[in-house]
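Please read the structure below before turning to the comments.
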Amino acid sequence: MPETTTNDASAGGRPPALAARRITKRFPGGVVANEAVDLDVAPGEIHALLGENGAGKSTLSNCFTGLYRPDEGTLAVDGVPVEFHSPGDAIVSGFGLVHQHFRLVEPFTVAENVLLGEHGRIRRSEAEARVAELGDRYGLEVDPSARIWQLSVGQQQRVEIIKALSCEAKLLILDEPTAVLTPQEAESLFEVLRRMTAEGRSVIFISHKLDEVRAVADRVTVLRGGRSEGTHVVAGTASRDLARLMVGRDIDLGTGPVPRQQRPTAAVVLRVEDLRATGDRGETALDGVTLDVRAHEVLGVCGVSGNGQRELAEVIAGMRARTAGTVEVAGTVLTGADPRAAHTAGLGHIPEDRLHTGLSPSLSIEDNLALTAYRRPPLSRGPFLRRTRFRARAIELMERYDVRAPGPTTPTRVLSGGNVQKVLLARELSSDPKVLLAASPTRGLDVGAIETVRTLLAEAADRGVGVLLLSEDLDEILSLSDRIAVIYEGRILAVVDRADADVEELGLLMGGDVSHLSATPARGSA
Amino acid sequence: MIRLERRVDQPRWLKVAVPAGSVLTALLAGAVLLSLTGHDAMETYQLLLERGFTSQGAFTATLTAATPLLFTGLCAAVAFRMRVFNIGGEGQLIMGAVGASAAGIALGDGPVVITVLGMILAGAICGAVWAGIAGALKAWANTNEIITTLMLNYVAANLATYLVFGSKSYWRELGGTGAMFPQGKPIAEGAHWPSVDFGNFTMGFGFFLGSVIAIGLFVVFRSTRFGFQVQVIGDEPRAARYAGMRTKRAIFGLMALSGAIAGIGGASDVGDTRYVLDPKALQQAGYGYAGIVVAALARLNPIAVVFVAILMGGLSNAGRALQGPDFPAGLVGTLQGLLLVFTLGGELFARYRIRRVAAEHAAADPADTPGGAPAVTA
Amino acid sequence: MIAALTHLLAQVPDAPTTVLTSGRGINDNLFVIIAISAIFYGTPLLLAALGEMLTERSGILNLGVEGMMLMGAVAAAWTSIHASGPGWSVVLQALVASMVVGGLTALLHAVLVITFRVEQIVSGLAITILAGAAGLSSYLASTWELASGPVPHRLDLLDVGGLADTPVVGPLLFHQNVLTYFSWLLVGFLWWYLFRSRTGLHLRAVGESPATADAMGIHVNRYRYVHTVIGGTLAGLGGAFFPLAIIPLWSDGVTGGRGWIALALVIFGFWRPELILAGAYLFGAFSSLSLTLQARNVEVPTQLLDSLPYLMTIIVLVVVSTGWARRRVGAPAALGTAYEREAR
């Protein structure tokens with residue numbers, strides 16, 4: 001494969017927009033997040049930073065934006081050496097970062113957020129005019145006087161980009177920008193990026209998805225285990241080669257389904273009928289959701305973040321009150337918001353915020369594994385706990401679910417994401433649920449952990465558990481589900497069999513476009 | 001330049017060294033303050049030690065002074081363990097004293113076991129109700145318990161004052177000197193709580209009772225389902241709710257328990273020490289705040305509360321005995337405050353590793369990010 | 001003790017209680033009297049609450065208001081007794097002293113919670129215990145023997161433009177002391193500062209989303225330090241109002257829990273200066289009600305009336321804590337949480 005050298009980047013005569021040399025960043029406890037990484041970004045280039053979760057992409061970008069100070073290495077902007085002591089320095093040097101979790105002040109208007117990055121007197125009307133003008137120029141339309149919390153996730157991302165552009169950013173760094181977008185929204189984002197590079201600005205595009213990198217980037221630097229695996233021209237490199245560099249071994253590129261046994265006509269274990277609920281701000285979050293999940297199947301619910309997935313999971317689990325509708329778990333109708341009743345009826349739940357909702361972070365693994373079972377024998381007798389049973393159970397479950405930790409008394413807060421998720425799965429699956437509700441179960445995990453989690457979910461379904469999988473990651477939905485439901489603005493727009501699913505069509509549905517739907521009934525059970 | 005790194009685990013010696021260092025630094029700061037205001041620090045400390053612990057009869061008085069602190073300390077420790085900030089030990093103790101003195105007056109001539117039990121029960125119920133108000137409001141109306149418990153302190157103090165000074169209530173002595181100067185009605189002699197003579201010192205029943213409660217609480221927190229709930233809710237209420245714990249009920253129950261303990265403290269004040277409802281003395285003593293200091297210094301461990309209460313009780317006992325021109329009011333409170341502040345600050349050294357780093361990285365503006373992590377300039 | 005206080009007050013010409021309980025001429029009616037005392041007793045609440053609002057807007061909760069007020073009160077009383085110069089200059093020095101001492105007390109809180117990462121609730125309580133009625137303020141007052149006589153130089157009521165006797169508005173608008181006028185200016189200034197100025201915008205961003213502010217190059221902890229200390233200076237100033245205007249003779253715990261009411265005021269003023277002003281005067285009216293009524297020979301159980309402001313605080317707090325109010329006007333999102341750049 002053609003590996004470019006650093007000299008190629010400046011071949012045009014202009015120095016690179018960013019030249020990073022031997023960037024090394026260590027964290028306490030001996031973790032090396034980046035080691036001697038070299039990176040050159042040419043003016044007018046979209047440069048992808050490819051690597052799986054935990055490869056050090058975010059740490060590297062934080063070194064470029066002044067949030068972290070590298071332990072070793074140098075940075076140069078347009079050929080001039082720089083040193084960033086704070087994010088302010090990076091902004092002055094013309095760097096703009098669109099963070100994975102948006103850096104926006106929710107109660108502020110769009111214009112106020114843009115004003116945050118500036119100096120001097122506040123001129124609100126000017127700021128609003130500039131937002132409108134930038135939106136016009138790059139196709140980033142958004143109402144300047146709207147408050148952030150009123151905007152959709154896609155719109156919020158536009159605000160982030162406008163904010164960076166308004167600070168005269170010459171180099172825009174986007175951290176996993178498509179994770180929250182529909183395929184169509186992602187395509188229009190790529191269009192915005194191309195317009196920017198046409199003006200001579202540069203883009204660092206951070207991603208773990210090969211096809212995206214292919215679609216948008218000129219060159220790509222692959223990171224693995226904190227080290228650079230070289231910079232390559234995208235057009236001249238095979239996907240298979242990039243994938244091998246990223247993971248360090250040959251992998252199956254497709255998003256083919258995890259192998260599953262087929263049991264077509266099992267009983268319905270989760271029935272959700274005309275569910276309505278309000279969100280945190282009193283807005284309508286669920287607007288009549290109807291779904292059925294059968295034993296032995298995985299029903300995937302896909303949709304852009306913020307379309308009611310969180311509320312749906314919370315209502316089913318009894319964490320949020322509903323305004324109307326019914327939830328029935330394994331024949332038990334759940335009335336009111338009561339997590340214990342849902343659990344008793346046979347619901348297992350892997351919440352979206354696994355460390356803070358699923359687990360008690362400062363408590364030990366053994367305590368967390370007992371969180372739901374402590375009330376009954378054998379873990380307690382009368383009002384007293386039996387601590388030795390806690391320990392024995394923890395050791396057994398940690399062994400069975402391959403939880404890697406110093407011991408059962410280790411607090412869960414220090415575990416890696418994958419091990420946290422394994423603790424959670426161990427606890428929920430060990431109570432023999434009829435239904436397993438899993439919200440974004442692999443978000444932020446590394447490849448190995450993703451495989452483990454997906455296998456555990458598939459095995460559960462094979463054993464007869466009905467799995468309701470909520471995820472914004474379409475690939476995950478496609479790889480696990482038997483049927484796929486699309487949620488948009490608190491409604492299920494369509495339910496299709498995995499075999500009939502078409503990525504393009506799902507993407508349109510996730511964006512609320514139902515024009516191509518012929519006569520597919522928007523009903524839960526196909 | 002100096003960097004802070006979060007410790008993954010705490011070495012054993014740190015758990016001793018850090019609190020010890022904090023106490024020494026606090027005493028040093030107190031000494032500086034004393035010297036600056038024209039007092040001899042060494043002499044003052046020596047006097048405190050003598051009058052608090054070593055001189056004749058001092059330890060008996062210290063135990064008496066420690067008793068209310070033991071109860072309010074346990075009250076705060078119980079609630080704080082679940083991160084419910086009950087600052088209302090003061091008001092709950094006063095209400096307990098109100099209830100117990102009524103019981104003491106009413107039951108006075110009966111058998112001593114019945115009277116003492118009646119006073120304890122009345123004190124516990126009144127304290128529990130008073131704390132329960134704030135607990136219910138927190139659990140079901142989402143109202144900040146810090147403010148409500150505090151406001152209820154003032155209401156309780158006003159109420160007790162009204163009962164003795166502002167009305168002709170059951171609690172007011174109307175005959176004898178009481179006709180001239182408003183004062184509370186004393187409980188019958190038969191209602192005075194017993195005490196045990198240990199030769200060198202005497203221990204009131206209240207202190208014994210408080211120690212038993214402390215041991216009971218230790219067991220509850222360590223090995224019961226309720227204790228487990230408190231631990232989980234205190235760490236992460238969302239996870240607790242999600243795991244099916246009735247968090248609202250637990251908040252209410254814990255507040256009521258916390259208030260009941262303070263209420264028994266009020267009962268002990270009437271039964272052990274004053275034999276009368278004395279609102280002015282209760283207000284001036286400031287048992288509630290001192291209880292928070294005790295709980296914080298004991299790191300919310302009920303057994304440790306007993307020992308810290310004795311230490312703090314020794315301080316205030318000595319402070320009271322020494323009160324005069326050479327020994328200004330407020331010194332004991334100031335020393336308690338300093339101990340608390342330095343102990344809290346000292347925690348940093350237990351949780352973080354402080355490291356010098358090479359000079360080449362020292363260019364950063366040190367004022368910028370004293371709070372940055374994982375590695376920051378400070 | 002009470003008798004001694006009354007005796008001393010009688011020697012003080014123009015003691016505030018007499019000013020407040022009888023109006024002059026046409027203004028001697030209950031409405032005007034209550035309004036006057038609302039402003040008078042509301043002023044220290046207003047100053048302290050505005051300070052705490054600033055602090056909380058930066059994301060720092062300081063429960064040490066009562067302690068900071070008492071430290072300000074001690075500093076003001078000492079200065080009024082010991083400083084030399086013409087009366088107005090002594091009062092000015094006393095005000096400055098109260099601000100400096102209040103600010104230093106707040107600085108201790110800032111160091112503990114920002115640099116030493118102590119939990120904010122616990123640290124604030126520690127500040128109040130250290131500085132409070134049984135702590136340092138009492139120690140200093142007794143070491144300096146502040147209780148041996150009344151404070152000689154106090155805040156005088158100004159007769160602005162000779163309009164003091166104008167019906168109704170005269171005593172309310174044109175017959176106040178300098179600190180009350182300052183507090184009015186402060187309300188207007190803080191409104192402009194928060195909602196119109198750039199630093200105010202940054203401040204609100206720090207309190208709502210420190211990570212965003214940090215990424216935009218705003219020095220989060222610098223903002224927090226500065227506004228915590230400024231909050232302390234205002235609390236100190238509020239404390240100074242007690243020896244300099246309300247109770248000229250020192251007694252321990254002279255602020256009587258007003259610091260805690262100021263904290264509650266911030267909550268139901270929804271972190272907005274103009275609403276805090278209204279709330280402070282409402283509480284001012286309530287906290288002087290028993291005094292006013294007694295002076296009018298209305299028989300009331302004093303202790304029960306004195307409980308009203310505290311009970312009202314609880315009731316209003318319950319109302320504003322409901323989901324409805326919470327959704328619309330919440331606390332700054334990052335209030336009470338330390339900011340650390342995300343660790344891995």
Side-chain angles (χ1 to χ4, degrees), chain A residues 25-31 67-72 83-86 88-89 314 317-319 337-344 349 351 353-363 367-368 370-376 379-387 390 406 410-414 427, chain B residues 1 3-10 81-83 216 219-250 253 351-355 357-358 360-370 372-377:
Chain A
K25 176 71 191 171
R26 298 183 200 92
F27 287 113
V31 181
L67 270 169
Y68 292 163
R69 310 255 320 271
D71 295 306
E72 286 160 33
E83 201 172 330
F84 297 151
H85 299 311
S86 75
D89 294 349
E314 287 178 354
M319 293 287 281
D338 184 356
R340 198 194 290 188
H343 189 264
T344 314
H349 179 195
D353 182 358
R354 56 184 87 102
L355 186 56
H356 290 276
T357 306
L359 302 174
S360 186
S362 305
L363 264 56
D367 284 356
N368 270 296
L371 218 52
T372 47
Y374 77 96
R375 281 180 215 103
R376 295 177 300 274
L379 294 187
S380 62
R381 186 166 43 196
F384 293 102
L385 301 174
R386 298 163 91 180
R387 287 276 177 188
F390 272 48
T410 308
T412 47
R413 123 179 81 80
V414 306
R427 187 181 77 209
Chain B
M1 193 179 73
R3 285 204 327 188
L4 294 180
E5 291 177 0
R6 204 185 274 275
R7 284 180 190 278
V8 178
D9 56 338
Q10 294 180 8
R81 270 198 166 234
M82 206 165 80
R83 299 183 51 78
V219 174
V220 165
F221 286 132
R222 199 184 164 81
S223 47
T224 68
R225 284 163 43 178
F226 181 70
F228 187 60
Q229 272 190 39
V230 169
Q231 203 181 352
V232 178
I233 296 172
D235 184 47
E236 188 57 78
R238 255 186 90 76
R241 212 161 81 73
Y242 153 86
M245 295 177 184
R246 314 279 201 228
T247 51
K248 289 168 195 279
R249 228 181 274 175
R351 279 185 294 141
Y352 293 85
R353 187 189 301 278
I354 283 104
R355 205 171 247 180
V357 290
E360 58 182 299
H361 292 293
D365 178 357
D368 276 0
T369 50
V376 284
T377 65

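Quick caveat: nothing in here was measured; it's all calculated off a predicted structure. To find a chain, count down the sequence lines: A is the first, B the second, and so on, and within it residues start at 1.
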(message) With rounding to the nearest 0.5 angstrom, report the OH to CZ distance, Tyr374(A) to Arg225(B).
(response) 6.5 Å
(message) So which residue, Leu355(A), Asp338(A), Asp367(A), Asp353(A), ends up with the most heavy-atom pairs under 4.5 Å with chain B?
(response) Asp367(A)
(message) Given heavy-atom pairs under 4.5 angstrom as the criterion, report whether the side chain, backbone, both or neither of Arg222(B) touches chain A.
(response) backbone
(request) Establish, yes or no, whether the cationic atom of Arg387(A) lies under 6.0 Å from the six-membered ring centre of Phe390(A) and within 45° of the ring axis. (result) yes
(message) Given heavy-atom pairs under 4.5 angstrom as the criterion, report whether the side chain, backbone, both or neither of Asn368(A) touches chain B.
(response) neither
(message) Working to the nearest 0.5 angstrom, can you tell me the gap between Arg238(B) CZ and Ser360(A) OG?
(response) 13.0 Å
(request) With a 4.5 angstrom heavy-atom cut-off, could you sort out which part of Thr372(A) is near chain B: side chain, backbone, both or neither? (result) both
(request) Drop me the distance from Arg81(B)'s CZ to Gln231(B)'s CD, to the nearest 0.5 angstrom. (result) 7.5 Å
(request) Among the options Pro411(A), Ala341(A), Pro351(A), pick out the one with the most heavy-atom pairs lying under 4.5 Å from chain B. (result) Pro351(A)
(message) Heavy-atom pairs under 4.5 Å with chain B: which of Pro361(A), Gly382(A), Ala317(A) has the most?
(response) Pro361(A)
(request) Just give me the residue among Arg381(A), Arg386(A), His349(A) that pairs up with chain B most often, heavy atom to heavy atom, under 4.5 Å. (result) His349(A)
(message) I'd like to know if Arg241(B) and Glu314(A) make a salt bridge, using a cut-off of under 4.0 Å between side-chain N and carboxylate O.
(response) no
(request) Give, for atom CG of Asp235(B) and atom CG of Leu363(A), the distance between the pair rounded to the nearest 0.5 Å. (result) 5.5 Å
(message) Return the CG to CG distance between Leu385(A) and Leu379(A), rounded to the nearest 0.5 Å.
(response) 8.5 Å
(request) Measure His356(A) against the heavy atoms of chain B and call it side chain, backbone, both or neither at under 4.5 Å. (result) both
(request) Pick one of side chain, backbone, both or neither for Val219(B), based on which atoms fall under 4.5 Å of a heavy atom in chain A. (result) side chain
(message) Run Glu72(A) and Arg26(A) through side chain to side chain contact (heavy atoms under 4.5 Å, CB included) and show every step you take.
(response) CA-CA 9 Å; Glu72(A) 286 160 33; Arg26(A) 298 183 200 92; 2.8 Å; yes
(request) Heavy-atom distances under 4.5 Å only: say whether Leu371(A) touches chain B with side chain, backbone, both or neither. (result) both
(request) Identify which part of Arg427(A) has an atom lying under 4.5 Å from any heavy atom of chain B, answering side chain, backbone, both or neither. (result) side chain
